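One structure is given here, and the rest of the page talks about it.
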Amino acid sequence: MKIFVPILFLFIGITSFISYNNSPYEKSEAIIKDTLMNDREKYLTFLKDSLKGKETLPADSVFKNIQTLKGKSTEQVLSIMNNWGHALGVSCKFCHEVNNWASEKSRNHLRTREMVIMNDALNKDLLANMKGFRQPITMGCISCHNEMKEPTHDGPRPQRARPRPEGGAQKPGGSNN
Ligand code: HEC
Ligand code: HEC
C-alpha cells in the first residue's frame with residue numbers, strides 16, 4: 001500500500017508535465033486559424049462596404065476578371081472566396097494580390113481555376129453517375145483539402161522535386177507559394 005502513494009504522485013507529475021507541454025502548441029494552432037479568419041473577414045468587410053447595393057448584380061458585371069464563376073451574383077462570389085480560404089486553411093493573399101483583386105499573378109489564382117473545372121467535372125460526370133450510392137453525392141474543395149493547401153498524396157511523396165509545368169496555366173513571374 002505504501003508504494004502506491006509515490007506511484008500516484010509520479011503519475012500525476014507525468015500527466016501534468018505532458019499536458020503543460022501540449023497546451024502551448026494547441027493554443028498557437030488556434031491563434032493561427034483565428035488570425036486567418038479575421039484576416040479574410042477584414043478584406044470581405046471592406047469589399048462588401050464598397051459594393052453596397054450591388055450584392056445581387058451578376059458578378060461579371062461588377063468584377064473585372066470573372067471566368068469560372070460566371071452566372072454567380074456578387075455576394076455569392078464573395079462567400080465562395082471565404083469558403084475557398086477556409087477549405088484550404090489560407091487567407092485571401094494565398095491567391096490574390098490584395099491591392100488588385102483581378103490580377104492573375106499568383107500561381108494559385110490560376111491553379112484554383114483548374115481545380116474548379118476538375119471539381120465540377122468530378123461532381124457532374126463521375127459522382128452523379130455512381131449507381132451504387134444514394135444520390136446526390138457531391139464533393140467540394142473541403143472534401144480533399146480539409147483545411148490544407150496540399151491534400152495528402154496517395155502513397156509516398158515523390159522523392160525528387162517535381163518540375164513546375166512550363167506555360168499552360170502558369171504565367172512567368174507568378175508568385176510561387
Ligand atoms: C484558393 C484561391 C482563392 C482564395 C483563397 C481567394 N480567392 Fe478570390 N478569386 C480566386 C479566383 C480563381 C478568382 C477568379 C474567379 C473566376 O474566374 O470567376 C477570384 C476572384 C475574386 C474577386 C473578383 C476579382 C475581379 O475583379 O475579377 C474578388 C473581389 C476576390 N476574389 C476576393 C477575394 C477575397 C476577399 C478573398 C478572401 C476572403 C479571396 N478572394 C480568396 C481565388 C481565390
Ligand atoms: C478531388 C480532390 C480535390 C478537390 C475536390 C480539390 N482539390 Fe485542390 N488540390 C488537390 C490536390 C491533390 C492538390 C495538390 C497537387 C500537388 O500536389 O501539387 C491540390 C492543390 C490545390 C492548389 C495548389 C496548392 C498548393 O500549395 O500547391 C489550390 C490553390 C487548390 N488545390 C484549390 C482548390 C479549390 C479552390 C478547390 C475547390 C473548388 C479544390 N482545390 C478542390 C485535390 C483536390
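As the structure lists them, so they are numbered: ligands from 1, and atoms in each ligand from 1. Please read these numbers as outputs of a predicted model, since none were measured by experiment.
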Write out the residue and atom name of the closest protein heavy atom to atom 28 (C) of ligand 1, then the distance separating them to 0.1 Å.
W101 CB, 4.0 Å

Can you get from W101 to V62 by hopping between Ile, Leu, Val, Met, Phe, Trp and Tyr side chains that sit under 4.5 Å apart?
yes

Test your reading of the model: is there a side-chain donor-acceptor pair from D60 to the backbone of I66, 3.5 Å cut-off?
no

Does any N/O atom on T112 come nearer than 3.5 Å to any N/O atom on ligand 1?
no

State yes or no: do I117 and L122 share one hydrophobic cluster built from I, L, V, M, F, W and Y residues joined by side-chain heavy-atom distances below 4.5 Å, directly or via other members?
no

Please name the pair of heavy atoms, one in L78 and one in L44, separated by the smallest distance, quoted to 0.1 Å.
O-CD2, 3.6 Å

Near F94, which atoms of ligand 2 are under 4.0 Å from a heavy atom of that residue?
26 (O)

N/O separation below 3.5 Å, N82 to ligand 1
no

The protein heavy atom nearest to atom 26 (O) of ligand 1 is K64 N, 3.0 Å

Taking only non-hydrogen atoms of T68 and a 4.0 Å limit, the atoms of ligand 1 in range are 15 (C), 16 (C), 17 (O), 18 (O)

Could you check which of M148, K149, H109, R111 puts a non-hydrogen atom nearest to atom 27 (O) of ligand 2?
R111

Counting from 1 in the order shown, the ligand 2 atoms closer than 4.0 Å to a non-hydrogen atom of N119 are 5 (C), 37 (C), 38 (C), 41 (C)

Hey, mind stepping through N108 and W84 against side-chain contact (heavy atoms from CB on, under 4.5 Å) and telling me if it holds?
CA-CA 12 Å; N108 290 317; W84 286 351; over 6 Å; no

Is the backbone of M139 close enough, under 3.5 Å, to the side chain of N119 for a donor and an acceptor to pair up by distance?
yes

Please confirm if an N, O or S atom belonging to M115, backbone or side chain, lies less than 2.8 Å from atom 8 (Fe) of ligand 2.
yes

So if I count the atoms of ligand 1 from 1 in the order they appear, which ones are less than 4.0 Å from some heavy atom of L69?
16 (C), 18 (O)

Look at the side-chain heavy atoms of Ile, Leu, Val, Met, Phe, Trp and Tyr, link any pair under 4.5 Å apart, and say whether M115 and L69 land in one connected group.
no

Identity of the nearest option to atom 42 (C) of ligand 2, non-hydrogen atoms only, from A87, S143, P151
P151

Could you tell me whether the side chain of E55 and the main chain of G53 form a donor-acceptor pair under 3.5 Å?
yes

Output the list of atoms in ligand 1 that are nearer than 4.0 Å to some heavy atom of L47, sorted by atom number.
29 (C), 35 (C)

W84 heavy atom under 4.0 Å from ligand 1:
yes

Among S106, G85, C95, C141, closest by heavy atom to atom 35 (C) of ligand 2 is C141

Closest approach of any protein heavy atom to atom 17 (O) of ligand 1, naming residue and atom:
R113 NE, 2.7 Å

Suppose I only count heavy atoms of H153 and a 4.0 Å limit; which atoms of ligand 2 are within that range?
16 (C), 17 (O)

Nearest heavy atom to atom 31 (N) of ligand 2: which of R107, M118, H145 does it belong to?
H145

State plainly whether one hydrophobic cluster holds both V98 and L51, where clusters connect Ile, Leu, Val, Met, Phe, Trp and Tyr through side-chain heavy atoms under 4.5 angstrom apart.
yes

Nearest to atom 29 (C) of ligand 1, what protein heavy atom do you find, and at what distance?
F63 CE2, 3.6 Å

The test is side-chain contact (heavy atoms from CB on, under 4.5 Å); show your working for L126 and M130 and say whether it passes.
CA-CA 7 Å; L126 298 172; M130 288 171 69; 5.6 Å; no

Hey, is atom 8 (Fe) of ligand 1 within less than 2.8 Å of some N/O/S atom on C92?
no

Using a cut-off of strictly less than 2.8 Å, determine whether M81 has an N/O/S atom near atom 8 (Fe) of ligand 1.
yes

Proximity flag G140 to ligand 2, non-hydrogen atoms under 4.0 Å
yes

Indicate the atoms forming the closest heavy-atom contact of Q135 with A128, along with that distance.
NE2-O, 3.4 Å

Selected option - heavy-atom contact closest to atom 6 (C) of ligand 1, from E41, Q67, H96
H96

Give a yes or no on this: more than 12 heavy atoms of other residues, nucleotides or ligands lie within 6.0 Å of atom NZ of K149.
no

side-chain contact (heavy atoms from CB on, under 4.5 Å) between D39 and K42, worked out:
CA-CA 5 Å; D39 201 51; K42 183 183 76 187; 3.3 Å; yes

